[in-house]
J.: 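First, the structure itself, so that you have it in front of you.
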Amino acid sequence: MNYWLMKSEPDVFGIDDLKRVKKEPWDGVRNYQARNYMRDEMKKGDKILFYHSNTDVPGVVGIMEVSKEAFPDHTSWDKKSKYFDPKSSEENPRWFMIEVKYVSKFPRTVSLQEMKDMKPLSEMKILQKGNRLSITPVTKAEFDHIVKVAAG
DNA sequence: GCCAACGTTGGC
DNA sequence: GCCAACGTTGGC
């Protein structure tokens, strides 16, 4: 099993939204590296850290898991969607997504600031300078550490 | 709102 | 294939 971290802006779609709807197709990713992770590497049952970006206290807020493996992101050929890409079509889709399932919300947010101070997380992709990728792999050790910290 | 970092686009 | 211009991300 693999472990991941996915960013989302809580104003757009946050952990509470996922908790409410239980499952959600992760549409709108328009970055090739992130797409490749979803299309090629994310497998059903993989665990994902849910990260809130662009908010008061950015950080990891809970856990979700892959409930459906890659399928074409139909918003890419929907002219009315803000994710529309003229180079993508139903016949030849350029963008893919997975479906995620709610697992749990942490009792508290593990903030970005805290994470920066944690030795076991020093290699984490999200903490490296300039990394803006919305989907990154994390190691089991990193995943477990964050879960442990969240539990107090 | 600012701005550093990065990705994409498109002219050449 | 280079690279300037532009757009986006996301912390602060």
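Throughout, protein chains are lettered first and strands after them, A, B, ... in sequence-line order, and every chain is numbered starting at 1. This one's a predicted model, so the numbers in the text were calculated from it and none came from an experiment. What you see below is based on every heavy atom in this structure, not just the backbone, and it leaves out hydrogens, waters and symmetry mates.
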J.: Find the distance Gln33(A):CD to dA5(B):C1' and express it as a whole number of Å.
T.: 15 Å

J.: Asn131(A) CG to dA5(B) C1': how many Å, rounded?
T.: 10 Å

J.: Would you tell me if any nitrogen or oxygen in the side chain of Lys7(A) comes within less than 4.0 Å of OP1 or OP2 on dG10(C)?
T.: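 So the side chain of Lys7(A) is within the cut-off, an N or O lying under 4.0 Å from OP1 or OP2 of dG10(C).
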
J.: Do Tyr32(A) and Arg39(A) have side-chain atoms, one donor and one acceptor, less than 3.5 Å apart?
T.: no

J.: Is the shortest side-chain N/O distance from Tyr51(A) to OP1 or OP2 of dT9(C) below 4.0 Å?
T.: no

J.: Quick one: Arg132(A) CZ to dA4(B) P, roughly how many Å, whole number?
T.: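 These atoms are roughly 14 Å apart.
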
J.: Quick one: list whatever passes side chain to side chain contact (heavy atoms under 4.5 Å, CB included) with Ala34(A), sequence neighbours left out.
T.: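 Testing Ala34(A) for side chain to side chain contact (heavy atoms under 4.5 Å, CB included), a comparison that skips the adjacent residues, returns Val29(A), Asn31(A), Leu133(A), Ser134(A), Ile135(A).
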
J.: Among the nucleotides dA5(B), dG11(C), dT8(B), which one has an atom lying closest to any side-chain atom of Asn54(A)?
T.: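 Closest nucleotide to the Asn54(A) side chain: dG11(C).
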
J.: Check this for me, if you would: do Lys19(A) and Asp16(A) make a salt bridge, where the nitrogen-to-carboxylate-oxygen distance has to be below 4.0 angstrom?
T.: no

J.: For Ser122(A), is there any backbone N or O sitting under 3.5 Å from a side-chain donor or acceptor partner on Gln128(A)?
T.: yes

J.: Could you tell me whether Glu69(A) and Lys44(A) make a salt bridge, using a distance below 4.0 angstrom between a side-chain N and a carboxylate O?
T.: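 Result for this pair is no, no salt bridge flagged.
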
J.: Tell me: OH of Tyr32(A) to P of dT9(C), nearest whole Å?
T.: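 Result: 15 Å.
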
J.: Whole angstrom is fine here: how far is it from NE2 in His52(A) over to C1' in dT9(C)?
T.: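 In whole Å, dT9(C) C1' lies 17 Å from His52(A) NE2.
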
J.: For Glu123(A), does the CD atom sit with more than 12 other heavy atoms under 6.0 Å from it, leaving out its own atoms?
T.: no

J.: Look at the side chain of Pro58(A) and decide which nucleotide, out of dT8(B), dT9(B), dG11(C), has an atom nearest to it.
T.: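 Of the options given, the side chain of Pro58(A) lies nearest dG11(C).
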
J.: Return the CE to NZ distance between Met97(A) and Lys68(A), rounded to the nearest 0.5 Å.
T.: 8.0 Å

J.: Check each residue of residues 74-82 of chain A for a non-hydrogen atom within less than 4.0 Å of any atom in DNA chain B, then write out the ones that pass by number, or none.
T.: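 Close to the strand, none.
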
J.: Is a side-chain donor-acceptor pair under 3.5 Å present for Arg30(A) with Thr75(A)?
T.: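 Short answer, yes.
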
J.: For Met6(A) and dT9(C), give me the distance from atom CE to atom P, rounded to whole Å.
T.: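 The answer, rounded to whole Å, is 15 Å.
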
J.: To the nearest Å, give me how far apart CG (Leu127(A)) and C1' (dA5(B)) are.
T.: 16 Å

J.: Under a 4.0 Å heavy-atom cut-off, which of residues 109-125 of chain A touch DNA chain C?
T.: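 By residue number: Leu112(A), Lys116(A).
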
J.: Of all the nucleotides listed (dA5(B), dG11(C), dT9(B)), which has the minimum atom distance to the side chain of Lys129(A)?
T.: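 That would be dA5(B).
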
J.: For Asp11(A) and dG10(C), what is the distance between atoms CG and P respectively, to the nearest whole Å?
T.: 13 Å

J.: Just by modelled atom types, is the Gly28(A) backbone N or O under 3.5 Å from a matching donor or acceptor in the Asp73(A) side chain?
T.: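 Such a contact is found between Asp73(A) side chain and Gly28(A) backbone.
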
